[in-house]
Each structure stands twice: as C-alpha cells, then as structure tokens.
Amino acid sequence: FPRTLAGPEEYSPKLIELANPARSGASPRNRAGGGRRGRTRGGALVALKLMLNAPNPDLNVLRSSIDRCLNDLRLTILSVDPEQPKLGALLATMRVDYKRMLESSGITLDWQVDDEAMEVDLPVNSRLHLSRVVQEALTNALKHAQASCITLRANSPHPGCIEISVEDNGIGLKPDQLGKRNSFGLRNMQLRAGQGQFSVSARNRTDAPGFRVHMRWPAVDTPSSDSA
C-alpha cells in the first residue's frame, strides 16, 4: 500500500476494491483457502485504516466496507461455534448478508432451503469449510457470472446428509476455462472439501445457461447401523 496519499482520487478505486473483498477482482488463485481468506480480510482492514487516515474519507464507502468485514467475521465465528452444530443458523445469516449485497447489484437471490437441511448437524471442521465454499460460490457468481439471478438450494436426501448447490443464469465458463483446475477457485474449493470431508463439483449447467457449484456432505455415505 502507498505510505502517502495525496487525495481521494489517488486511492479510492484500489482501496475500495481491497476493502470490499466480495467485489474484488482478485485472480482465481486467490479466491479461497483459509490463509488466503485471512489475508484478504487483513488487507480489507488495512485498506480501511488508510481510508480513515486520508483527507475527506467517503463515509458511505467506509460504512459499507466495515459492515462487510463484520459480516465476514460473524460468519466465521458462527461456523466454528460448538454450541451451534446445525447448518441452518449459518445459512440464515448468510442469506441476510448476501441478499442485501446481491440486490444492491441488481441480482435476485432465489433461496430454496428445505426444513430438513436446516436441522442437519455438522462437525465444526466440516461446517467451517462448507460455509466457506458456499461463500466462495456466491461471491464468484456475483463478480463474474453477469447473472440476473443466483439460486441456492439445500436439501437433506436422508438423515445425516446435506446437499447444497449454488447456480446462476449467467455466462458460464468457456471450454478452455473448464479445463483449468484453478478456474474460479475450484482447486481451493476442492482442498476445502477434502479438509471438511465433503465433495464439491463445479461445471456449466446443462439445463440452462449458467454455472453450478454442487456440494455434498458427507462425501461418501456410511452404512446405517440397521443396514443388513
């Protein structure tokens, strides 16, 4: 970051980008992963400090950026709270945050979460990594899809299992992008999936234009105790 700032016109575009990670044009390789997420949040806080120290800071930008940092921190705390094992509370909080963010960009959020999915208990580690992949999928769709609608679906096909998909009606990925492991942070999503013991896939939709990220926990079903 620059150590001296002569005026708002010299820092606003870059600092606004840094202070709003969800809207940042970061490269796909830097869009997921715990360390990267932490550095992104740290960069946002540093950018906010610089903006506060600059002459005539834009208070609306500051309020919006601080809200985003606080929302991200709240989601992180909620995702690792051992007294909140159900995914429902985390999804409900995420819905409020992203609905506001998407609507301000003219994008409709279609939220389809079954009651059974809200009641699924997940281990802390799985809940943390699964929530981060959901956030990553929503943020990527916001930044890159050129979509008018983003849909989140969550259901529990049977007790102890949850499936979540994030899909948009945007432009999808070009064939040459689909072959790249780092496209839209897919490699980091896969790393999180391995750590959280769930599966993740990301590909263009076949039923309509757009892109879909699909998650399933656990990655492999375990036989029930009363199975033959």
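Values in this document were obtained by computation on a predicted structure and should not be read as measured data.
- Atom CZ in F198 sits 13.0 Å away from atom CZ in R216 (nearest 0.5 Å).
- V134 has its side chain within reach of M94: a pair of non-hydrogen atoms, C-beta onward, lies under 4.5 Å apart.
- Using a distance-only test at 3.5 Å, with no hydrogens or angles considered, no donor-acceptor pair links the side chain of S165 to the main chain of H214.
- Using a 4.5 Å heavy-atom cutoff, the side chains of M215 and I162 are not in contact.
- Annotation: salt bridge (charged side-chain N to carboxylate O under 4.0 Å, His left out) contacts of R95 (sequence neighbours excluded): none.
- Annotation for C149 and T151: closest pair SG-OG1, 3.9 Å, computed over non-hydrogen atoms.
- Scanning both residues, N125 and G196, for their nearest heavy atoms gives ND2-CA, 3.9 Å.
- Closest of all the heavy-atom pairs between W111 and L91 is CZ2-O, 3.2 Å.
- Counting only heavy atoms from C-beta outward, the side chains of V213 and S201 never approach each other to under 4.5 Å.
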Under the side-chain contact (heavy atoms from CB on, under 4.5 Å) rule, what do T139 and Y98 come out as? Steps first, then yes or no, please. CA-CA 9 Å; T139 299; Y98 275 89; 3.1 Å; yes
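- Donor-acceptor pairing under 3.5 Å is recorded for the side chains of Q112 and D110.
- Every salt bridge (charged side-chain N to carboxylate O under 4.0 Å, His left out) that D207 has, sequence neighbours left out, goes to R205, R212.
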Given side-chain contact (heavy atoms from CB on, under 4.5 Å), test M189 with N140 step by step and report yes or no. CA-CA 12 Å; M189 289 184 183; N140 280 335; 3.8 Å; yes
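- Side chain to side chain, R132 and Q135 meet the donor-acceptor criterion of an N or O pair below 3.5 Å.
- Using a 4.5 Å heavy-atom threshold, the side chains of I107 and E103 count as separate.
- Remark: the backbone N or O of I150 is not paired with any side-chain donor or acceptor of D168 at under 3.5 angstrom.
- The CE atom of M118 lies 13.5 Å from the CG atom of N155; values are rounded to the nearest 0.5 Å.
- Expressed to the nearest 0.5 Å, how far CD of Q190 lies from OG of S199 amounts to 10.5 Å.
- Residues satisfying the salt bridge (charged side-chain N to carboxylate O under 4.0 Å, His left out) criterion with E119, sequence neighbours excluded, are K86.
- M101 places a side-chain heavy atom less than 4.5 Å from the side chain of L142.
- Between A147 and N169, the closest heavy-atom pair is CB-OD1, 3.2 Å.
- Other residues, nucleotides and ligands contribute over 12 non-hydrogen atoms within 6.0 Å of the CD atom of Q195.
- Across every non-hydrogen atom of L78 and L90, the tightest pair is CD2-CA, 3.7 Å.
- Closest of all the heavy-atom pairs between V133 and R192 is CG2-CB, 3.8 Å.
- Atom-to-atom distance recorded for E163:CD and W217:CH2 is 13.0 Å, nearest 0.5 angstrom.
- For the atom pair CG of L128 and OG1 of T76, the computed distance is 7.0 Å after rounding to the nearest 0.5 Å.
- Taking CG from L102 and CG from L138, the interatomic distance works out to 7.0 Å, rounded to the nearest 0.5 Å.
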Salt bridge (Lys or Arg N to Asp or Glu O under 4.0 Å) between R153 and E167: does it pass, once the steps are laid out? CA-CA 9 Å; R153 295 187 175 90; E167 62 184 39; 2.6 Å; yes
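- The shortest distance between side-chain heavy atoms of L75 and T93 falls below 4.5 Å.
- Looking at S156 and D114, their side chains never bring a donor and an acceptor atom within 3.5 Å of each other.
- The backbone N or O of L173 lies less than 3.5 Å from a partner atom in the side chain of N204, making a donor-acceptor pair.
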